[in-house]
Q: 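Quick one: the structure is below, questions incoming.
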Amino acid sequence: MKTILCIPLLLALAACGVETAGTAATAAALKKQELEQARQTQEQVRQKLEEATQRMQQRADQAGDEK
């Protein structure tokens, strides 16, 4: 009789563990996606800074040529 009562309890506890593992995997996947998006944003900002620096240098060169 005790065994029959323990089986549902053990199954319920095991199900909680599976749910926790699934939640952790989902959270990890979301963090990975956020990290990739952050890297892409960082690369875009770096490129824009390089372009702005080049434009400033070109303007400075043009201003120097005009003098």
Side-chain angles (χ1 to χ4, degrees):
M1 186 72 165
K2 289 181 183 180
T3 305
I4 293 173
L5 293 175
C6 289
I7 290 175
L9 181 60
L10 290 174
L11 290 174
L13 289 173
C16 289
V18 169
E19 182 181 341
T20 302
T23 301
T26 301
L30 288 173
K31 288 292 182 185
K32 181 179 178 182
Q33 184 179 7
E34 288 175 7
L35 179 60
E36 183 60 33
Q37 289 175 347
R39 286 181 180 158
Q40 289 174 354
T41 301
Q42 182 182 17
E43 181 61 23
Q44 289 172 352
V45 168
R46 185 191 64 76
Q47 289 176 354
K48 287 180 181 180
L49 284 172
E50 284 182 9
E51 290 170 4
T53 302
Q54 288 175 356
R55 284 194 303 270
M56 287 174 41
Q57 184 62 45
Q58 288 173 351
R59 289 179 186 152
D61 291 343
Q62 288 174 353
D65 291 342
E66 292 176 2
K67 290 184 179 182

Q: Does a side-chain N-to-carboxylate-O contact under 4.0 Å join Glu51 and Lys48?
A: no

Q: Does Gln47, at its CD atom, have more than 12 non-hydrogen atoms belonging to other residues, nucleotides or ligands within less than 6.0 Å?
A: yes

Q: List the steps and the verdict of salt bridge (charged side-chain N to carboxylate O under 4.0 Å, His left out) for Glu34 and Lys31.
A: CA-CA 5 Å; Glu34 288 175 7; Lys31 288 292 182 185; 3.8 Å; yes

Q: Quick one: side-chain contact (heavy atoms from CB on, under 4.5 Å) partners of Glu36, sequence neighbours excluded?
A: Arg39, Gln40

Q: Rounded to the nearest 0.5 Å, what's the gap from NZ on Lys32 to CG on Leu30? Could you check?
A: 12.0 Å

Q: As an exercise, state the distance from CD of Gln57 to CD of Gln62, rounded to the nearest 0.5 Å.
A: 11.0 Å

